[in-house]
Amino acid sequence: GHWPDVPGIFFAYDLQKRDIILADRGLGILTTLRRVRPTLRTDQEALQVAFTEILSGRSPESRGNGLKFVRQVISENPLGLIFRTGDAELALAKESAKLNIRPSPEPFRGCLAFINF
């Protein structure tokens with residue numbers, strides 16, 4: 001990741017609670033996607049694009065399917081996801097492809113994912 005002080009990501013899990021947490025205190029979705037789509041204005045718009053469109057913040061590399069794949073896996077399995085970046089939060093309910101994007105209760109620099117299985 002692009003952490004300001006420590007390289008890499010944070011990864012933790014609790015099998016009893018059936019939770020996984022991933023965090024990257026890097027640039028966040030909005031900053032990353034603005035490289036190729038400068039018209040994005042908010043973290044909520046950036047989350048919508050990241051989970052629905054094939055677009056990579058690492059242009060000209062042919063990437064951009066990762067979060068669409070995550071959405072598909074959750075929609076087909078008994079998994080839940082809360083994903084935060086900047087001042088936005090996305091929730092995906094177990095076995096549902098419906099995106100619930102809203103303001104985050106607490107802003108986060110970079111990206112934070114809570115996965116429940």
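Sequential numbering from 1 along the given sequence is applied to the chain's residues.
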Compare every heavy atom of [Y] with every heavy atom of [X], then report the nearest pair and how far apart it is.
X: Gly80; Y: Lys94; result: N-CG, 3.7 Å
X: Ser104; Y: Arg84; result: OG-CD, 3.5 Å
X: Gly110; Y: Thr85; result: O-OG1, 2.8 Å

Taking the side chain as everything from C-beta on, heavy atoms only, tell me whether [X] gets closer than 4.5 Å to [Y].
X: Gln72; Y: Glu76; value: yes
X: Ile21; Y: Phe10; value: yes
X: Lys68; Y: Leu55; value: no
X: Asp43; Y: Ile29; value: no

Problem set entry | Heavy-atom donor-acceptor pair, Asn77 side chain to Leu79 backbone, under 3.5 Å | no

For this session: Please answer whether the main-chain N or O of Val49 pairs with a side-chain N or O of Glu53 as donor and acceptor at a distance below 3.5 Å.
Result: no

For this session: Please round to the nearest 0.5 Å and tell me the distance separating atom CZ of Arg35 and atom CG of Leu40.
Result: 13.0 Å

Exercise. Among all residues two or more places apart in sequence or in another chain, which pass the salt bridge (Lys or Arg N to Asp or Glu O under 4.0 Å) test with Arg18?
Worked result: none

For this session: Return the set of residues passing salt bridge (Lys or Arg N to Asp or Glu O under 4.0 Å) with Arg34 (not counting sequence neighbours), or none when no residue passes.
Result: none

Using atom types as modelled, flag every donor-acceptor pair under 3.5 Å from a side chain in residues 96-103 to any protein atom, sequence neighbours excluded.
| unit_1 | atom_1 | unit_2 | atom_2 | d |
| --- | --- | --- | --- | --- |
| Ser96 | OG | Lys98 | N | 3.2 |
| Arg102 | NE | Glu89 | OE2 | 2.9 |
| Arg102 | NH2 | Glu89 | OE2 | 2.6 |

Exercise. How would you list, by chain and number, every residue that makes a side-chain contact (heavy atoms from CB on, under 4.5 Å) with Asp19, sequence neighbours excluded?
Worked result: Lys17, Asn116

Exercise. Under the side-chain contact (heavy atoms from CB on, under 4.5 Å) test, which residues partner Leu81, sequence neighbours left out?
Worked result: Phe51, Val70, Ile74, Phe83, Leu90, Leu92, Ala113, Ile115

Problem set entry | Derivation of the side-chain contact (heavy atoms from CB on, under 4.5 Å) call for Leu30 and Thr42 | CA-CA 7 Å; Leu30 179 59; Thr42 68; 5.7 Å; no

Problem set entry | Pairs satisfying ring-ring contact (aromatic ring centres under 6.0 Å, His included), at least one member in residues 90-117, at least two apart | none

Exercise. More than 12 foreign heavy atoms under 6.0 Å from CZ of Phe69: is that the case here?
Worked result: no

